[in-house]
Amino acid sequence: MSETARPAAGATQNGAAAPAGQGQGQGQGPPAVAGRRALYLALGVVLLALNLRPALVAVSPLADTIRDDSGMSAAATSLLTALPLLCFGLLAPVAPRLGRRFGMERALFGTMALICAGTALRTLDSVVALFAGTLVIGAGIAVANVLLPGLIKRDFPTKAGLMTGLYSMSLFGGAALAAGVTLPVQQATDMNWRTTLACWGALALVALLVWLPRIRSRTRVGAAPARQAAHPVRGLWRSPLAWQVTAYMGLQSLNYYAAAAWLPTVFQDAGMAPGDAGWMLSFSSLLGIAGSFLAPVAVGRRLRSGALATLGAALCALGFGGLLAAPVGGAYLWMTLLGLGQGAAISLALLFIVQRAPDARHAAQLSSMSQCFGYILAATGPTVLGAVHDASHSWTVPLVLLLALLVPQVVVGLGAARDKHVAGVGRAGRAPGPGPGIA
């Protein structure tokens, strides 16, 4: 297995348009969308992405209320956020199969239907229903996580940087919105926690309705590309470049989820009021929106993605270093640096999936591989960091550990930034040519 150098024609690393008559427009796959259809599709992508975090993040502000009302232990309540992360990893390999079986549009429509169904299930007065609904929501998000980069690769080949920026910005925006308004909404309306969680189903319903016309649209392609799209890409597990993309996804996810789980506690242990400590995390998420949008757009303007991977890690390192030196005194500065650095990192992780794949079929398979291992690794982060804190009775060692993990993150980021494509093997061991994607 070896990687293939990217052709001179077609979309460049920075998202430049392909010369006329080459790449997508050469009969090798469906043409890129344009005009009003492109704007409507972009709106659909943004709405889908906005729904991939709120139903999960909204649990955290209500955790104490849920625990008191249900009688669950703290460990059981924490499973409401840990189980979806495991779903993200364990179900990622299933997503490309669903895309090939039903078409990408129908599969994504199904993910929003699952989020709506899981949200409705959690309104029932049952702990079993609460966990079952959370698993259903996690399953829907897991599939959408994998398929959306492939959709961007297929339908926006010359605008990959911009669309990845909008996608990742929407991810951060949805998370920040849920973290910031869930508790105030509950307090202002005096709703119970089940109804408050159910409110986020309205956003999923809007996405469902906007996406509905897309399931009636099937891209028409030639017979040979259609046959090729029906079969999975194989051999990515033997690709060093694919593993570098996967490792970058995993390390930046571990960095983000481990920090998000414990930073409020770090601030509280340093003397900050609990309300202020929670706000610090929301503030960091707001800055993450800016970092997640600006990073892929900057790559689209000729800034090398390897340099940006290094810059993002450097911002995180300064943030963690500041937390070690003066956690409360410089809190806003440290969380600004962390928000921008972590936002840039998640955008680059998604952009690498799009850039390193020659077509939407490879993008979906690479997305599946990277998110499978990435989210399983991320799910261990909060637990490991908590265990290190318990063993050392201090936050110094855990923060130093997060600092140290930025080094391999930069190394694999530089590898994933190489201007090459991963190369899979199709049927009968043949390397497939450019295909139309999954639709």
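Since the structure is predicted, the reported quantities are computational estimates derived from the model, not experimental observations. Scope of the values below: all heavy atoms of this structure, side chains included, with no hydrogens, waters or symmetry mates.
- In terms of modelled atom types and a separation under 3.5 Å, the side chain of Y257 and the main chain of L377 share no donor-acceptor contact.
- The distance from atom CZ of F156 to atom CG of L166, rounded to the nearest 0.5 Å, is 9.0 Å.
- The CG atom of L351 sits 9.5 Å away from the CD1 atom of I152 when rounded to the nearest 0.5 Å.
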Worked verdict on T336 versus L340 for side chain to side chain contact (heavy atoms under 4.5 Å, CB included): CA-CA 6 Å; T336 296; L340 291 173; 4.1 Å; yes
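- A distance-only check finds no donor-acceptor pair linking the side chain of S347 to the backbone of A344 [under 3.5 Å].
- Scored by the side-chain hydrogen bond (donor to acceptor under 3.5 Å, both in side chains) test, T134 finds R122 as partners (sequence neighbours excluded).
- Ring orientation note: the planes of W262 and W395 are tilted relative to one another, at an angle of 30° to 60°.
- A donor-acceptor pair under 3.5 Å links the side-chain atoms of N51 to the main chain of L203, judged by distance alone.
- The side-chain contact (heavy atoms from CB on, under 4.5 Å) test applied to P93 returns S368, C372, not counting sequence neighbours.
- T123 places a side-chain N or O within 3.5 Å of a backbone atom of A120 that can act as its donor or acceptor partner.
- Between G341 and C316 the shortest heavy-atom distance is C-SG, 3.6 Å.
- Although no hydrogens or angles enter the test, the distance criterion places a donor-acceptor pair under 3.5 Å between the side chain of T119 and the main chain of I115.
- The backbone N or O of A357 lies less than 3.5 Å from a partner atom in the side chain of K153, making a donor-acceptor pair.
- Evaluation of the side-chain contact (heavy atoms from CB on, under 4.5 Å) rule for L286 yields A176, W279, I289 as partners, not counting sequence neighbours.
- Between the side chain of Q371 and the backbone N or O of N145, at least one donor-acceptor pair lies under 3.5 Å.
- Looking only at distances, a side-chain donor or acceptor of R356 sits under 3.5 Å from a matching main-chain atom of R418.
- Here the options are L52, L56, V143, V146, the test is side-chain contact (heavy atoms from CB on, under 4.5 Å), and the partner is F88; only L56 passes.
- Every side-chain contact (heavy atoms from CB on, under 4.5 Å) that T246 has, sequence neighbours left out, goes to W243, M369, S370, F373.
- What you find for G413 and F352 is that their closest heavy atoms are O-CZ, 3.8 Å.
- V181 pairs by the side-chain contact (heavy atoms from CB on, under 4.5 Å) definition with L177, V185, W200, not counting sequence neighbours.
- Within the model, atoms CG of L130 and CE of M72 stand 5.5 Å from one another, a figure rounded to the nearest 0.5 Å.
- For W211, there are no side-chain hydrogen bond (donor to acceptor under 3.5 Å, both in side chains) partners, not counting sequence neighbours.
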